[in-house]
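Read the structure below first, then the notes.
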Amino acid sequence: MLEIDDIDVYYGQLPAMRDVSMRLDDGGILAVIGANGAGKSTLLKAIAGQVPLASGRILLDGKDVSRVPAFKRARLGIALVPEGRRLFKSLTVEENLLTARASKRSGPWTLDAIYERFPLVAERRHRRAGDLSGGEQQATSIARALISNPSVLLLDEVSLGLAPAIIAQIYASIPLIREQGTSILLVEQDVQQATRASHDVHCLLQGRTSLAGRDLDLADITRAYFGA
């Protein structure tokens, strides 16, 4: 479904990502882990089209989208849940959801389906996004991405700053999302959360791949995570 082929990303003259390759299978979940500054958010922004590639390719279902603008990638089926949620705080929850329908993609995630599967979002539908708790905002941000009916969902640090009970609720929704046919690329600092969500793990360290594979040993993951 999604192939990352030897991509380099620079911020000015500073390299943020070098020679990174990975593959997300159709209907699969891939966990990308790494410490703060490892390049995880840069990776998702590059896939979504928010930062340009210096070299390499990004393929969506076999099509090269490396030079496709961000809004067109959304219409092709790539949706990003960014770190920090980035909701329109003056709009209600429902108004935030409706903004994502501009992609005009058809699929299972209608407004009614969102409310059925995410009762917390349904209960807050008429509240301003700026008045929500962190967990409520995160659930709304995920719901907003889903209502665009993406083929690939990019989740950036969805557990960051949330209470353990809320994190558990959010992660419990990931298999449900996958069952609807959406492939998921999950970025996390929390190794345990990431490895529980996916058997396939890709570890980044200072913008490069330090380890990648399936059902990896936790000791190997820890060494790759910290560069030991």
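Residue numbers count from 1 along this sequence.
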If we only count heavy atoms from C-beta on, is the [X] to [Y] side-chain gap below 4.5 Å?
X    : Y    : value
D156 : P82  : no
I47  : I78  : yes
R18  : Y10  : yes
M1   : L60  : yes
E94  : L111 : yes
L53  : V9   : yes
Q180 : L146 : no
L97  : V121 : yes

Pairing of R208 and D19 as salt bridge, 4.0 angstrom limit: yes
Examine distances only and state if a side-chain atom of [X] and a backbone atom of [Y] form a donor-acceptor pair shorter than 3.5 Å.
X    : Y    : result
S198 : I29  : yes
R125 : A122 : yes
N149 : W109 : yes
S210 : A224 : yes
Q189 : E157 : no
T195 : Q192 : yes
R127 : L132 : no
K40  : C203 : no
S21  : D6   : yes
T182 : P150 : yes

Let me have the donor-acceptor pairs involving side chains of residues 171-178, under 3.5 Å, with sequence neighbours excluded, atom names and distances please.
from	atom 1	to	atom 2	distance (Å)
Y171	OH	E188	OE2	2.5
S173	OG	I170	O	2.5
R178	NE	G27	O	2.7

Atom pair [atom1] ([X]) and [atom2] ([Y]), whose distance is rounded to the nearest 0.5 Å:
X    : Y    : atom1 : atom2 : result
N96  : L87  : CG    : CG    : 5.0 Å
L186 : D200 : CG    : CG    : 12.0 Å
M17  : D8   : CE    : CG    : 9.5 Å

Heavy-atom closest contact (A194 atom, I33 atom, distance): CB-CG2, 3.4 Å
Is it the case that atom [atom1] in [X] sees more than 12 heavy atoms from other parts of the structure closer than 6.0 Å?
X    : atom1 : value
R101 : CZ    : no
E83  : CD    : yes
D217 : CG    : yes

Test side chain to side chain contact (heavy atoms under 4.5 Å, CB included) applied to V32 and L44, L155, L43, the passing residue: L43
Working for side-chain hydrogen bond (donor to acceptor under 3.5 Å, both in side chains), residues D64 and S66: CA-CA 6 Å; D64 190 342; S66 307; 2.6 Å; yes
